[in-house]
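Along the sequence shown, the residues carry numbers beginning at 1. Side-chain atoms are counted along with the backbone in the values below, which use heavy atoms only and exclude waters and symmetry mates.
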Amino acid sequence: MGIDKIKAACESAKQNPAEENSFRQLRLNQWVKQAVRWMPMEKWGKCAFKVDPESLKGRICYGGLDLSSTTDITAFVLVFPPADEDDKYHILPFFWIPEENLDLRVRRDHVNYDLWQKQGFLKTTEGNVVHYGFIESFIEELGTQYNIREIAFDRWGAVQMTQNLEGLGFTVVPFGQGFKDMSPPTKELMKLTLEEKIAHGGQPVLRWMMDNIFIRTDPAGNIKPDKEKSTERIDGAVATIMTLDRAIRNGGNNGGSVYDERGILLI
C-alpha cells in the first residue's frame, strides 16, 4: 500500500474507533484488544434529524427483529431507504419490555426505562416476560401503514414468531450473526452516520444501545457487534444493522444495491 493510502487510512481511523483498532492491528502490527467501543456518539447525535412516522406511511421499508430473551428488551426496527439523492435512511425503532420487570430493571440497571416508557419510547407488555403475540399484532398493524418488504431476524429463539409473521403475510429472512453477514452493514452504518445520511430522530433507547456497542474484529478486518463485551443491551442496534443490510441490498425503490455499485466497504 502506498504512503498516501496509509495516510488516508490513518486519518479515517482517527474519526472512527473501530477503524483505529483495525488500523493499529493490520497496518502498525500493534496488539490491540479485540473489542472496542465503537460509535462516536457526537457523530450519532448529528444524525438526530426528524423522523415523521406519518410522512413515511406507504413508503417502502425493511424490518429487523431482535428478540433477545423473554425477560429482556425486544427490538423491532424499520429502515426506510432514501427516496432520492437528497433523502436519508430513516430509522423508526420500537422496543418492548415486560411490565412487571420495569421497576426492578430501573433499580438494577440504573437505566431510565420508566421515563422512556412514560415518554412513549419504550412499550411494555403485560406480565413478567415479553408477550410475543402482542408484538406480532403490533407488527401486523405496522404492515398496514408501511410497505414492509422484508423482515430480517436473528435465528436464535425466533422460530415460532417468524413462522407466525410469515403466516401474516410477511417475508422473513434469517440473518447470520457472524462476521460474514454482520460486517458489511456494520461498516455501512458507520459510514452513513459519519456522512449524516441517517435520520434517527434522537430516539433515546436506540441512542443508549448505540453507545453500548463494542465491536469485535477478525484478522481480516471484518467487524461485528460483540454482545458479550457489550455489557448493556444492544438489541436495537443489532436490529438496525440487520435491516439496514436488507435496505441496502434491495436498493429501496430503484432495485439497485450500493454494494453492487461500489462493493463492500473494506475499512
Side chains of [X] and [Y]: closer than 4.5 Å at any heavy-atom pair?
X: F214; Y: E228; result: no
X: F153; Y: P174; result: yes
X: M161; Y: I139; result: yes
X: F175; Y: D154; result: no
X: L165; Y: L168; result: yes
X: C61; Y: L56; result: no
X: I151; Y: F76; result: yes
X: L244; Y: R246; result: no

**Request:** Using distance alone, with no hydrogens and no angle criterion, decide if Q160 and N164 have a side-chain donor and acceptor under 3.5 Å apart.
**Result:**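 There is such a pair between these side chains.
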
**Asked** So, D52 and K57, do they make that salt bridge, N to O below 4.0 Å?
**Response**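 No.
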
**Message:** Regarding E195 and K191, does a basic nitrogen lie under 4.0 Å from an acidic carboxylate oxygen?
**Reply:** yes

Write out all pairs satisfying salt bridge (Lys or Arg N to Asp or Glu O under 4.0 Å) with one or both partners inside [range], taking only residues at least two apart or from two chains.
range: residues 87-104; value: R59-D87
range: residues 202-212; value: R37-D211
range: residues 107-127; value: R105-D109

Short question: side chain of [X], backbone of [Y] - any donor-acceptor pair under 3.5 Å?
X: T162; Y: V159; answer: yes
X: N212; Y: R233; answer: yes
X: S183; Y: K224; answer: no
X: N112; Y: L115; answer: no
X: S137; Y: G133; answer: yes
X: T243; Y: A239; answer: no

Please report the interatomic distance [atom1]([X]) to [atom2]([Y]), rounded to the nearest 0.5 Å.
X: Q145; Y: L78; atom1: CD; atom2: CG; answer: 10.0 Å
X: F95; Y: D72; atom1: CZ; atom2: CG; answer: 13.0 Å
X: K187; Y: I241; atom1: NZ; atom2: CD1; answer: 12.5 Å
X: C47; Y: E42; atom1: SG; atom2: CD; answer: 11.0 Å
X: M242; Y: Y62; atom1: CE; atom2: OH; answer: 16.0 Å
X: K43; Y: I198; atom1: NZ; atom2: CD1; answer: 15.0 Å

Specify the closest pair of heavy atoms between [X] and [Y], including all atoms of both residues, with the distance to one decimal.
X: T171; Y: R149; answer: CB-O, 3.5 Å
X: M190; Y: P40; answer: CE-CD, 3.5 Å
X: N147; Y: G58; answer: CB-O, 3.8 Å
X: V51; Y: P53; answer: O-CD, 3.3 Å
X: P93; Y: V77; answer: CB-CG2, 4.0 Å
X: V79; Y: A247; answer: CG1-CB, 4.0 Å

**Request:** Determine, using ring centers only, whether F138 and F94 are less than 6.0 Å apart.
**Result:** yes

When hydrophobic residues are tied together by side-chain contacts of less than 4.5 Å, even through go-betweens, does [X] share a cluster with [Y]?
X: F80; Y: V173; result: no
X: L192; Y: M41; result: yes
X: L189; Y: F49; result: no

**Worked check of side-chain contact (heavy atoms from CB on, under 4.5 Å) between I215 and T186** = CA-CA 9 Å; I215 284 294; T186 302; 3.9 Å; yes

**Message:** Please verify the inter-ring angle class for H200 with W44; under 30° counts as parallel, over 60° as perpendicular, anything in between as tilted.
**Reply:** parallel

**Request:** Check each of W208, F121, W96 against W116 using the ring pair (Phe, Tyr, Trp, His ring centres under 6.0 Å) test, and report the only one that passes.
**Result:** W208

**Item:** Criterion side-chain contact (heavy atoms from CB on, under 4.5 Å) on Q163 and V172, from CA distance to verdict
**Value:** CA-CA 8 Å; Q163 287 178 350; V172 296; over 6 Å; no

**Message:** Let's go through F170 and E150 carefully: what are the C-alpha distance in whole Å and the side-chain angles of both, what is the deciding distance for side-chain contact (heavy atoms from CB on, under 4.5 Å) to 0.1 Å, and is it a yes or a no?
**Reply:** CA-CA 7 Å; F170 292 102; E150 291 181 354; over 6 Å; no

**Asked** Is there a side-chain contact (heavy atoms from CB on, under 4.5 Å) between V205 and Y113 once you walk through the steps?
**Response** CA-CA 8 Å; V205 185; Y113 299 116; over 6 Å; no

**Item:** Matching residue for I73 among N101, D66, I97 - test: side-chain contact (heavy atoms from CB on, under 4.5 Å)
**Value:** I97

